[in-house]
Amino acid sequence: MNYATAVHETVAALRTIREQWGELLLAIETPPADVWPPRQLSHTMRALDDEQLVVEERAPLVLREHPAPLNVAALDAGLAIERQVFDLADTLAAAVQRVSHGDPRRWDYQHPGAPDARSAAGSRAHGLHYACVWVEGRVLDEDTEPEPQLDGTLAAPPFAPLPPHLLHEARRTARIAEGRLLRTLGLDQRTTPVPDRPCPWCGGELTLHTGPEQAPTVTCSTGPECAGPVPLDVQGRRVWNWGELHVLVGVLGVA
Ligand SMILES: [Zn+2]
């Protein structure tokens, strides 16, 4: 694999993790989701006055207590993903970090002897979103040029460029973490029969199609004879695309 492709794939995986992290935090606090309605519709169905989840401000899972998570599988996945990305940041920092203490760009390791849990966590205390952004900066070789100072001199670069073997380590780790996150949320590539809810227009079996980079769709197995008020897909099935799904959700009921 060439270097540019590896960079692109690593950055894409890190961004998916950041974008879907809020959904995972919500999943931990809700009982395991049924197949229906699709999880990606949940934000349109949550009441508007629900607590808005600001991922950047949430403490990392490793620093929180979890007295009674409603979805243990989601919590386990979240803790594993945090550990993988935090450990990756440690590894990259050890190899390329030149920036001095006190610089906000510095990744701080854990300090087990620190007086409280938050300072013992080092940069982990800033959470997974921050760690993903920091790793992305190293993958993109940001801040690897000498920096002009006020007195006209040049200071040494804060970071060295990432060597290829660490880029590949970053890519591997990010993609493993991304895959686990998407599987946990049911957003990996899959087709799932919708249980107990036949097509309201023809009684045929409905199938939910999801994938990491596509909005969910639902198809009816009957074919063009189905009277569903939606277009046909290339295989001649009625298909409810993203824009029509909320109608189907309404007709089928959420119960
Ligand atoms: Zn139908």
Side-chain angles (χ1 to χ4, degrees), residues 8-9 12-55 69-78 80-81 174-255:
H8 175 79
E9 291 187 358
L14 290 167
R15 289 183 181 171
T16 301
I17 294 169
R18 276 159 45 196
E19 286 164 10
Q20 298 295 339
W21 189 242
E23 287 298 317
L24 187 85
L25 296 181
L26 286 171
I28 292 170
E29 296 164 10
T30 42
D34 292 326
V35 173
W36 190 264
R39 179 180 290 282
Q40 281 166 306
L41 278 183
S42 58
H43 70 277
T44 63
M45 294 185 300
R46 277 198 286 274
L48 286 177
D49 56 354
D50 266 10
E51 174 198 4
Q52 289 295 307
L53 222 154
V54 183
V55 171
L70 290 165
N71 186 335
V72 175
L75 176 60
D76 285 348
I81 290 163
R175 284 164 58 101
I176 289 172
E178 176 197 28
R180 176 130 190 215
L181 180 56
L182 292 174
R183 280 195 306 282
T184 303
L185 294 175
L187 297 178
D188 50 336
Q189 200 78 47
R190 62 170 89 174
T191 60
T192 316
V194 177
D196 306 323
R197 285 184 174 84
C199 174
W201 288 273
C202 75
E205 185 181 76
L206 297 175
T207 304
L208 172 64
H209 306 258
T210 56
E213 288 173 10
Q214 67 185 59
T217 62
V218 171
T219 55
C220 171
S221 60
T222 298
E225 310 88 70
C226 170
V230 287
L232 300 171
D233 69 4
V234 287
Q235 296 170 54
R237 302 173 299 191
R238 295 288 169 198
V239 57
W240 285 263
N241 289 306
W242 174 244
E244 292 123 8
L245 265 186
H246 66 281
V247 176
L248 189 61
V249 170
V251 173
L252 289 175
V254 178

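Whatever order the structure lists them in is the order used to number ligands and atoms, beginning at 1.
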Pairs involving residues 189-215, ordered by first then second residue, that meet ring-ring contact (aromatic ring centres under 6.0 Å, His included) (sequence neighbours left out): Trp201-Trp240

Sum of protein N, O or S atoms, each under 2.8 Å from the Zn ion (ligand 1): 4

May I ask you to decide if Gln235's main-chain N or O and Asp233's side chain share a donor-acceptor pair within less than 3.5 Å? yes

Taking only residues two or more places apart in sequence, or in another chain, which ones meet Ala80 in a side-chain contact (heavy atoms from CB on, under 4.5 Å)? Arg83, Arg180

List the atom pairs, donor and acceptor, that lie under 3.5 Å between side-chain atoms in residues 221-228 and the rest of the protein, sequence neighbours left out.
unit_1, atom_1, unit_2, atom_2, d
Ser221, OG, Glu205, N, 3.0
Ser221, OG, Glu205, O, 3.2

Before giving the answer on side chain to side chain contact (heavy atoms under 4.5 Å, CB included), spell out for Leu252 and Leu206 the whole-Å C-alpha distance, their side-chain angles and the decisive distance to 0.1 Å. CA-CA 11 Å; Leu252 289 175; Leu206 297 175; 3.9 Å; yes

Atom of Leu70, atom of Glu29 and distance for their closest heavy-atom approach: CD1-O, 3.0 Å

